[in-house]
2 protein chains.
Amino acid sequence: MPEPKSDATEAGKPRRRQARGERRIAQLLEAAAHVFCTTGYAAASTNSIAREAGVSPGTLYQFFPNKEAIAVELGDQLLARWRASYGQAFVPAHFELPLDQLLDAVLDPLIQFNYENPAFSALMHGPDIPGRIARDHDALHSSMLTRVEEILAGYLPAAPEPDITRIAQTTFVIFKSGLDLVLAAEPDQREAYTAELKTVLFRYLEPLVGDR
Amino acid sequence: MPEPKSDATEAGKPRRRQARGERRIAQLLEAAAHVFCTTGYAAASTNSIAREAGVSPGTLYQFFPNKEAIAVELGDQLLARWRASYGQAFVPAHFELPLDQLLDAVLDPLIQFNYENPAFSALMHGPDIPGRIARDHDALHSSMLTRVEEILAGYLPAAPEPDITRIAQTTFVIFKSGLDLVLAAEPDQREAYTAELKTVLFRYLEPLVGDR
DNA sequence: GGCAAACACGAGTCATCGCTCGCATTAATC
DNA sequence: GATTAATGCGAGCGATGACTCGTGTTTGCC
């Protein structure tokens, strides 16, 4: 079962795309991101996405086999961009830093990414997203959790594993909810909320990891 | 426009309910709570609620004018119970306690309530809930925020108002996400996660409020 | 028992939405 | 210019789900 990809390198369905088609796809994905952000995935009708993009429903289905494929393609694009930020945020060099600078190095890129790609949290947080996206999100989630656990295990070699897991999960959900606050804040308050989130995590983790 | 209430004291539609009808209503609300918990509000069909309650769709509409009214009635019941826990959690006597005991006194009842009423968070957190529930939730949310702000203002009389608001909002979202963790944890881990949540809040707030 | 109202049923109605299909238009290649 | 494939359209199909309605059953009251 060949999955629909924008690449023409896929076997099976060597559908040659014209430049016009590529433009339409980008246009439709942008429109879908906008509609998903404002109404959520389930409430977003394919007709409304087509209308937002200024094309007919039939044209939409020229490029996507179904509604889920739109979300999957958009999710893939966002995940690729996310992994870039994620890679930058978790380079091992940062693990040598003192805690406050570690928090800056890890949190700032992730906050900036979510600010620049609001569709990401809209797609990932929705309770009605298609299974493929949910699996991708779970994979991303546990991969980040594992990273946090590795860092913590480095600081706390004596701690039993369940404790590490619990601390990592707690750290992670604090980050996620703090991120929501930062994104929802007025622009002139964003810096203050970012600092507040870092303060919470610093005070929580500092007694655990020591002064470095 | 008279709203449908279970009371017969309402004017306009003096519909006399039999004991059997009251039982059906309770039955239907319980079934709705179960279905909302497992599938969410939007994905819950009225037919599935009726099936879960063991009655026909027509019977359901004998007691509720539409799907929204089911959620509203259920939400009203849950909000009433919540206000009971809420009142117990925020009695002014607790404000004299040292911070760790204050956290115990405030958090434990709220955690217990959410554990015993899982439909509450299902109804309140969903992105697809009817406007009436959303308004109730917003009202509850800001009333609790105000309480937290009042407590903080008592500890920090010199702090400017935006700072108080920001700290209160941060405290609140930490509680909410920590609560989700506690509720999602395995039963034998629940105590540990509860303690972890209190640790986070203690370490965050203790430098602000001092040793008491 | 007799009557009216409340309760119960479930097939059917109606609107919505994902998606299709026949056909028109545009672009690439010769 | 001719041919072919890609692109574009929008009315309409089919499934789903909220809700109705005609009819039958049970309950409260005399």
Side-chain angles (χ1 to χ4, degrees), chain A residues 4-8 10 12-29 31-32 35-36 38-74 128-132, chain B residues 4-8 10 12-29 31-32 35-36 38-74 128-132:
Chain A
K5 298 286 289 186
S6 48
D7 291 345
E10 287 283 334
K13 297 277 185 185
R15 175 135 194 170
R16 287 162 22 214
R17 287 252 124 88
Q18 299 181 354
R20 188 173 33 147
E22 300 287 352
R23 252 179 286 129
R24 275 276 179 266
I25 290 177
Q27 205 174 109
L28 283 164
L29 287 177
V35 176
F36 288 158
T38 55
T39 69
Y41 174 77
S45 78
T46 55
N47 286 14
S48 71
I49 295 175
R51 198 179 324 118
E52 173 81 22
V55 302
S56 86
T59 298
L60 186 153
Y61 283 92
Q62 181 87 20
F63 302 103
F64 298 97
N66 50 50
K67 178 177 170 181
E68 174 172 347
I70 305 172
V72 166
E73 181 65 29
L74 183 59
D128 43 18
I129 53 181
R132 162 77 192 284
Chain B
K5 300 286 289 184
S6 48
D7 291 344
E10 287 282 334
K13 298 277 184 184
R15 174 137 196 169
R16 286 157 28 209
R17 287 253 123 89
Q18 299 181 353
R20 186 173 36 147
E22 300 286 352
R23 253 179 287 130
R24 276 274 179 268
I25 290 178
Q27 206 175 109
L28 283 163
L29 287 177
V35 176
F36 288 159
T38 55
T39 70
Y41 173 76
S45 78
T46 56
N47 286 16
S48 72
I49 294 175
R51 199 180 322 119
E52 173 80 21
V55 301
S56 86
T59 299
L60 187 153
Y61 283 92
Q62 182 91 23
F63 302 103
F64 298 98
N66 49 50
K67 179 177 169 180
E68 173 172 347
I70 305 172
V72 166
E73 182 64 30
L74 183 60
D128 42 18
I129 53 179
R132 162 76 191 285

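Please read all numbers here as calculations on a predicted model, not as lab measurements. Proteins come first, then strands; the chains are lettered A, B, ... in the order of their sequence lines, and each starts at number 1.
- In this structure, B:Q62 atom CD and D:dG24 atom P are separated by 17 Å, rounded to whole Å.
- Comparing A:N47 and A:G54, the nucleotide of DNA chain D nearest to each residue sits closer to the 5' end for A:G54.
- Heavy atoms of B:A44 sit under 4.0 angstrom from primed sugar atoms or phosphate atoms, though from no base atom.
- Remark: P of C:dC7 and CD1 of B:I25 are 8 Å apart, rounded to the nearest angstrom.
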Going 5' to 3' through nucleotides 21-30 of chain C and flagging B where a protein heavy-atom sits under 4.0 Å of the base, S where only the sugar-phosphate is that close, and - otherwise, we get -----BS---
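- The two residues A:A32 and A:L74 have their closest heavy-atom pair at C-CD2, 4.4 Å.
- In this structure, A:L60 atom CG and C:dC19 atom C1' are separated by 10 Å, rounded to whole Å.
- Shown here are the side-chain hydrogen bond (donor to acceptor under 3.5 Å, both in side chains) partners of B:T38, two or more places apart in sequence or in another chain: there are none.
- Remark: A:R23 is not in phosphate contact with D:dT7, judged by side-chain N or O atoms under 4.0 Å from OP1 or OP2.
- When rounded to the nearest whole Å, the span between CZ of B:R51 and P of C:dA8 equals 18 Å.
- Across C:dG10, D:dA18, D:dG8, the shortest atom-to-atom separation from the side chain of B:T46 is found for D:dA18.
- In terms of the ring pair (Phe, Tyr, Trp, His ring centres under 6.0 Å) criterion, B:Y61 has no residue partners (sequence neighbours excluded).
- The side chain of A:P57 has D:dG10 as its nearest neighbour among D:dA18, C:dG10, D:dG10.
- Between the CZ atom in A:R51 and the OG1 atom in A:T46 there is a gap of 9.5 Å [rounded to 0.5 Å].
- Every residue two or more places apart in sequence or in another chain was checked for a ring pair (Phe, Tyr, Trp, His ring centres under 6.0 Å) with B:F64, and none qualifies.
- Atom CD1 in A:I70 sits roughly 11 Å away from atom C1' in C:dC19 (whole-Å rounding).
- Looking at the side chain of A:T59, the nearest of the listed nucleotides D:dT7, D:dC19, D:dC9 is D:dC9.
- Between the C1' atom of D:dT27 and the CD atom of B:E22 lies a distance of 15 Å, rounded to the nearest Å.
- Checking D:dG10, C:dC17, C:dG10 against every side-chain atom of B:S56, the shortest atom distance belongs to C:dG10.
- Residues forming a side-chain hydrogen bond (donor to acceptor under 3.5 Å, both in side chains) with A:Q62 (at least two apart in sequence, or on another chain): none.
- Distance A:F63 CZ to C:dG18 P: 19 Å, rounded to the nearest Å.
- Distance B:N66 CG to D:dT20 C1': 13 Å, rounded to the nearest Å.
- Residues passing the side-chain contact (heavy atoms from CB on, under 4.5 Å) test with A:A71 are A:F36, A:Y41, A:L123, A:P130, A:I133, sequence neighbours excluded.
- At a threshold of 4.0 angstrom between heavy atoms, the contacts of B:A43 with the nucleic acid are absent.
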